[in-house]
Amino acid sequence: MKIPLSWLKDYIDIDLSLEELARTLTMVGLEVEEISVIGLPLPENSGRQEFKFTGLAWDPEKFIVAQINEVMPHPDADRLTLCRLYDGSQEWVVLTGAPNLFPYKGMGTLEQPLKVAYAREGAILYDGHKPGYELSKLKRTKIRGVESFSMVCSEKELGISDEHEGVIILDPDAPTGTALVDYMGDAVFEVSILPNMIRDASMVGVARELSAVTGKPLKIPSRKATSTGPRIDDLAAIEINDPNLNPRFVLGLVQGLEPKPSPYWVQRRLRLAGMRPINSIVDATNYVMLETGEPLHAFDYDVLVQRAGGKAPTIITRAADPGETLTTLDDVERSLDQHTILVCDTAGPLSLAGIMGGLESEVTETTRNVLLEGASWNFINVRRTSSRLHLNSEAGYRFGRGVHPALASWAVDLGLERMAAWSGGTIAQELVDNYPQPPFDPLVSISVQDVERKLGVTIPAQQIAVILTRLEFVCKVDGDIVQAQTPPHRLDIGEGVIGKADLMEEIARIYSYNNIPETNLADELPPQRNNLELANEEKIKDILAGLGLQEVITYRLTSIERETRAYLQGQSLDPENYVRLLNPIAPERSVMRQSLLASVLEILEKNARIREHLAFFEIGAEFIYEQKNSLPMEPRKLVIGMSGKRSNPSWDLQTSGNLDFFDLKGVLDAMLQKIHLQDVSFQPAKHPSLHPGKCAQISVNNTMIGVFGEIHPRVKQNYDFLTPAVYIAEIDLEALLPLIPLRFETSPVSVFPPVLEDIALIVEETIPADKVEALIRQTGGKLLADVRLFDVYRGDRIGAGKKSLAYSLTYQALNHTIESAESTALRNKIVRRLEREIGAVLRDN
Amino acid sequence: MSEKPTILAELEHTQQKALALLAEIQDEEPLQAWKREYLGKSSSVMSAFSSIGQQPKEFRPLVGQVANQVKQALEAALEDRARIVTEAALTRKIADDRVDVTLPGRQPLTGGLHPQTLVLRRIFAIFAEMGFQVYRSRDVESDEYNFELLNIPAHHPARDMWDTFHIDQPGVVLRTHTSPGQIRVMREQAPNPIRVILPGMCYRYEQISSRSEIQFNQVEVLAVGKNITFGDMKGTLNGFVRRLFNADVRTRLRPSYFPFTEPSAEMDVECFVCGGKGCSVCKGSGWLEIMGCGIVHPTVLKNGGYDPEAYSGFAAGMGPERISMLLHKIEDIRYFWGNDARFLEQF
């Protein structure tokens, strides 16, 4: 909403600087986004600019209200004129090319001089001939032999609008010789209107807020013109079919008017407020809408009479029939549904109620009698219709948020007066006012204690009443209680406890949020508990980062195609289980992910071009719709992805080789160890993304917690990887987190020396390594402090189908030094057990 | 009596010669050669011992004694010399042993956390110390929890505030804010007091640009109890921002509108970069918009199971991405989910 300062000042005295005014508006809930200065001086730029100022200041010495006394032809140029111009102290001859001065050419001394905005030599203004707004300084020059050093200005040159077709012709009462800035210097405040403050999408509304906060009285405009025409009751009637849709409908009539350009000050205000002047009839409706917040609509009365077969028209409001159509005044045929409210007459639809008029009955150049509508509409219906038809209008914007029906008659009265004033004509007596459903304006009582309890500040009842009264609530104070009657321009005040909250906001807003003292919470502290699930997730993140992995957080919105890439053909995720968006922003973000694995693979692929060593992980939810007509499951997963070189490149380091299955397994081992899981085991497994020979599942206490391995070469082909192989682990956090012990115990550290011994065992290829180690540990018992596999050998020396596993054993006791006899006995025991149970042969060399 | 055996003079001579030579030795290798020459098995001193038997009887003890003295003198001198040689060698080695300290270090494999994990932890930690615990809830929500129960009925003008992603199931949306968690936690806790923060990923239908994302984190703050005021909200949130920005920054509250709070406010923080003087971060205004907040609307309290006549509360919501962008001068919000290693490694 654009608020010209000069217009606002019609309703309230303002003695604040532009910045103070912007701050005051902002702090009352009308956030000022930008201030365009139109002639007034710009504030000093001292580094900090709390508000954004743009625009042009008019030097009072250089820009003057002047009058053209005569428009003379140029001796050598048909398209130029020479004006005899008086600037209040001296007469000049000024060269112009303005087409709107041509009609006055050769008329001799004008009976009524033309008032204009005159710029003297050296004035800084916008170059009217260049696109956009480019400043230039007015210099002395010669055009076609005539000296030119000053000019008569267009709106564009002054920064009022982009209008440059002709020069501004000011209203006849403009005082010649006055500095232009004093006559019409202005500033436009671009204010954003909160959804619950639609009442302030109007000059009076903004002035009311200012009045409340500054204490200056609000000057509410009212109609003063008298009606001299016939009584309206005989000339028009109203029928409301559904008061729920149309609680009030008001009509007024102006007869014998003639549309023409509005007075310059009206046109200028409309332009500054962001609307295009059309003619004095349409301008009056728009002017009053901007003034009061109530949109008005003007019908060509004679068209309605004609449609009624020469009789007095009856306006009928009703819901549209499905399939019904109407051509709106923008010449588009609209097809309607049952939520659209129509303004009709006996011959059919006239306009889209609250949104846009129809083409047939709109005001034209030939209109001489105007029937003026002011109404109120069900905001939900208006919203539905504007959003369904993608039809945004100033009227729809206001009615779609709720306009109080009480405004209708006030605004129609003002509209009639302005229309008659600007277009001539007489106003018919009375209004036709059909008001079947006045809204309930609640009476809310609020106490000093209520305010204390919610705001934490004691505001005396009298002060509460003052604040609310300035907002036009009618207040009665009874001790600590204020009874406030909601004024008839607001639909946002509820009843009872909600009404109290609504008033609380008004009180706090005007009292100023920043005057409420800051306190510390003194209320009862709720029982303090840990969020174990979160704590464990964060712990896992720390462990993985400590192991050299980088955390990523990816988009949870993806596409089925993108996720299908991560799986072998025919084994992708069930498309039925996707959470699908009804209104995706793009096809590649059309479902919620079902596969965190796919997300992490994409990040690996992307970074493969940037880094030689890739090691990432993500913790996040997957979204799986197993049972429609409820909400989907959102299980949390951990996915680790690794690929590329084992270490970062360095200037002297030998290549460390590529990451493989066991690098990933090592990370998992370390992670599981750091979260103190017991009984972890690995078995070969299958996974639709992974290589069948390099895939394992991880079990903890026989609970499967995840799968890891090498990405299947056929899956890898779907991606653009430069690295030889990609490794992925997919861990089910829903299964893992509950297994993490709340507590863990440590083992004592022995002070006695260890005995170290290496043994190599030849076993059948089919015997898994973890079984051999488990047997060694079991047999070694407490004295066997550690077992570490340090070599795996296959080859001719031990025969086909066999492997040699070399272990480093550490014997150590907590309470004595182990002698060689004891360690030898233990080793023999281990070897014998392995020979017996798995046919291992001790390899001696 | 026989003549003094010549060997005695020879030994003396050998000693003088050997000691003189030894004094000249600077390196380990000649030292070893010297050792072989004068103390080796076939050296003249060692041969002197084996020649004792061939000496006249009366001189045998003397020869043995002298040979022994010579041997000990040589050994002692060798030990001294060896110490000097070793010391000198070490000194030379140290003098020669230099690296180009400007060569790059070898980078170990350092992992790291995503910037948003880091900023969320920072937020969690500050609120945890004020007794606020973390409560998480689902991303895919019902219209009821995301809107209706938060005092945003269908077709209400407030719905324009959120551009919503709808799911192909009726009445299901991607949450547009973490506020549905307010209802969930209230329904679990009523009528007990509540102090929670609700973090989570939210979604809005927008064009992705350097300033806006379709997916973003939000952290909501909720306190409900019998005596919670607007002043408490100011105190709590001011304490939070002062700690977040590590500065005694000024804040201000501007009236705003959210359907689930009333009164509602936007909190601005005086720019922590320029101290309010105006800079590129605050775009000259001196203020940074940091979060929305307000007193919990009676309808929301009621929907959460609390009697709005007896209970009150405040709620606030902030964007951790915005906070990171301000703290670390990140100029493109798309970096966060882009996960380019070159960006992530900077944290």
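Every chain is numbered from 1, with letters handed out A, B, ... down the list of sequences.
- For A:Asn514, the parts lying near chain B are the backbone and the side chain together; criterion is any non-hydrogen pair under 4.5 Å.
- Using a 4.5 Å cut-off between heavy atoms, A:Pro632 touches chain B through backbone and side chain atoms alike.
- For A:Ile603, the part sitting under 4.5 Å from any heavy atom of chain B is the side chain, from C-beta outward, and nothing else.
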Evaluate the side-chain contact (heavy atoms from CB on, under 4.5 Å) criterion for residues B:Asn217 and B:Glu321: first the C-alpha distance (whole Å), next the side-chain angles of each, then the deciding distance (0.1 Å), finally the verdict. CA-CA 7 Å; B:Asn217 275 295; B:Glu321 278 80 74; 3.1 Å; yes
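- Heavy-atom distances place the side chain of B:Val172, and not its backbone, under 4.5 Å from chain A.
- Contacts between A:Met592 and chain B at a heavy-atom distance below 4.5 Å involve the side chain alone, from C-beta outward.
- Chosen from A:Glu50, A:Arg383, A:Gln49, the residue pairing most often with chain B at heavy-atom distances under 4.5 Å is A:Arg383.
- Of the two parts of A:Arg589, only the side chain, counted from C-beta on, holds a non-hydrogen atom closer than 4.5 Å to a non-hydrogen atom of chain B.
- The backbone N or O of B:Gln207 sits nowhere less than 3.5 Å from a side-chain atom of B:Glu213 that would complete a donor-acceptor pair.
- Of the listed residues B:Glu309, B:Arg195, B:Gln107, B:Lys302, the one with more heavy-atom pairs under 4.5 angstrom with chain A than any other is B:Arg195.
- Proximity to chain A (any heavy atom under 4.5 Å) is shown, for B:Leu237, by neither the backbone nor the side chain.
- Both the backbone and the side chain of A:Asp502 come within contact range of chain B, judged by heavy atoms closer than 4.5 Å.
- The main-chain N or O of B:Gly276 is never found under 3.5 Å from a side-chain atom of B:Trp287 such that the two would form a donor-acceptor pair.
- Using a 4.5 Å cut-off between heavy atoms, A:Val497 touches chain B through backbone and side chain atoms alike.
- Heavy-atom distances place both the backbone and the side chain of A:Ala501 under 4.5 Å from chain B.
- For chain B, the option among A:Leu544, A:Asp450, A:Asn607, A:Asn583 with the highest count of heavy-atom pairs below 4.5 Å is A:Asn583.
- In terms of heavy-atom pairs under 4.5 Å with chain B, the best-connected choice from A:Lys606, A:Glu538, A:His613 is A:Glu538.
- A salt bridge links A:Arg593 to A:Glu618: one of the charged nitrogens lies within less than 4.0 Å of a carboxylate oxygen.
- With A:Lys500 contributing its side chain and A:Val451 its backbone, the two residues share no donor-acceptor pair below 3.5 Å.
- The choice from B:Pro193, B:Cys282, B:Ser312 that makes the most heavy-atom pairs within less than 4.5 Å of chain A is B:Pro193.
- Using a cutoff of 4.0 Å between basic side-chain nitrogens and carboxylate oxygens, B:Lys283 and A:Glu33 are not scored as salt-bridged.
- Between B:Phe127 and B:Phe240, the ring centre distance stays below 6.0 Å.
- Atom CZ of B:Phe347 sits about 11.5 Å away from atom OG1 of B:Thr117, to the nearest 0.5 Å.
- Side chains of B:His155 and A:Arg384: a donor-acceptor N/O pair is present below 3.5 angstrom, by distance only.
- Top candidate by heavy-atom pairs under 4.5 Å with chain A, chosen from B:Arg136, B:Gln116, B:Met201, is B:Arg136.
- Only the side chain of A:Arg611 comes within less than 4.5 Å of a heavy atom in chain B; its backbone stays farther off.
- Electrostatic pairing of A:Lys52 and A:Glu19 does not count as a salt bridge here, judged by no charged N lying under 4.0 Å from a carboxylate O.
- If you measure heavy-atom distances from B:Pro115 to chain A, you find no contacts under 4.5 Å at all.
- In this structure, A:Glu533 does not pair ionically with A:Arg636, as no charged nitrogen and carboxylate oxygen lie closer than 4.0 Å.
- Ranked by heavy-atom pairs under 4.5 Å with chain B, the list A:Ile498, A:Leu557, A:Asn196 is led by A:Asn196.
- For A:Gln528, the CD atom sits in a packed shell: over 12 heavy atoms of surrounding residues, nucleotides or ligands are nearer than 6.0 Å.
- The residues A:Arg646 and A:Asp663 are annotated as salt-bridged, a charged nitrogen and a carboxylate oxygen being separated by less than 4.0 angstrom.
- Taking the six-membered ring where the residue is Trp, the centroids of B:Tyr203 and B:Phe165 are separated by 6.0 Å or more.
- Between B:Glu270 and B:Arg250 there is a salt bridge, with a side-chain nitrogen of the basic residue lying less than 4.0 Å from a carboxylate oxygen of the acidic one.
- A cation-pi arrangement is present between B:Arg184 and B:Tyr145 under the rule of less than 6.0 angstrom and at most 45 degrees off the ring axis.
- Each of A:Asn530, A:Asn531, A:Ile610 has some count of heavy-atom pairs under 4.5 Å with chain B, and the biggest count is that of A:Ile610.
- For the pair B:Arg204 and B:Phe216, the cation does not sit on the ring face, since its NZ or CZ is not both under 6.0 Å from the ring centre and inside 45° of the axis.
- Within the 4.5 angstrom heavy-atom criterion, atoms from both the backbone and the side chain of A:Arg580 approach chain B.
- When B:Ser264, B:Ser256, B:Ser142, B:Ala265 are compared by the number of non-hydrogen pairs under 4.5 Å with chain A, B:Ser264 comes out ahead.
- Contacts with chain B were tallied for A:Val591, A:Leu549, A:Ile585; A:Ile585 has the most, counting heavy-atom pairs under 4.5 Å.
- Counting heavy-atom pairs closer than 4.5 Å to chain A, the top residue among B:Ile295, B:Asn192, B:Val134 is B:Val134.
- Contact count against chain A (heavy-atom pairs under 4.5 Å) is highest for B:Gly235 among B:Cys279, B:Gly278, B:Gly235, B:Ala223.
- Heavy atoms closer than 4.5 Å to chain A are found in the backbone of B:Lys277, but not in its side chain.
- Of the two parts of B:Phe336, only the backbone, made up of N, CA, C and O, holds a non-hydrogen atom closer than 4.5 Å to a non-hydrogen atom of chain A.
- For a residue to count as touching a neighbouring chain, one of its non-hydrogen atoms must lie under 4.5 Å from one of that chain's; by this rule A:Lys541 touches chain B with backbone and side chain alike.
- No part of A:Glu602 comes within reach of chain B, as not one of its non-hydrogen atoms sits under 4.5 angstrom from that chain.
- Both the backbone and the side chain of A:Arg401 have a heavy atom closer than 4.5 Å to some heavy atom of chain B.
- Heavy-atom distances place both the backbone and the side chain of B:Glu262 under 4.5 Å from chain A.
- Interface residue B:Thr110: only backbone heavy atoms are found under 4.5 Å from chain A.
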Kindly determine whether A:Thr26 and A:Glu31 satisfy side-chain hydrogen bond (donor to acceptor under 3.5 Å, both in side chains), including the steps that lead there. CA-CA 4 Å; A:Thr26 298; A:Glu31 190 186 357; over 6 Å; no
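- The minimum heavy-atom distance between A:Tyr625 and B:Gln169, with the atom names listed, is OH-CG, 3.3 Å.
- With a 4.5 angstrom heavy-atom cutoff, A:Tyr555 touches chain B via backbone and side-chain atoms both.
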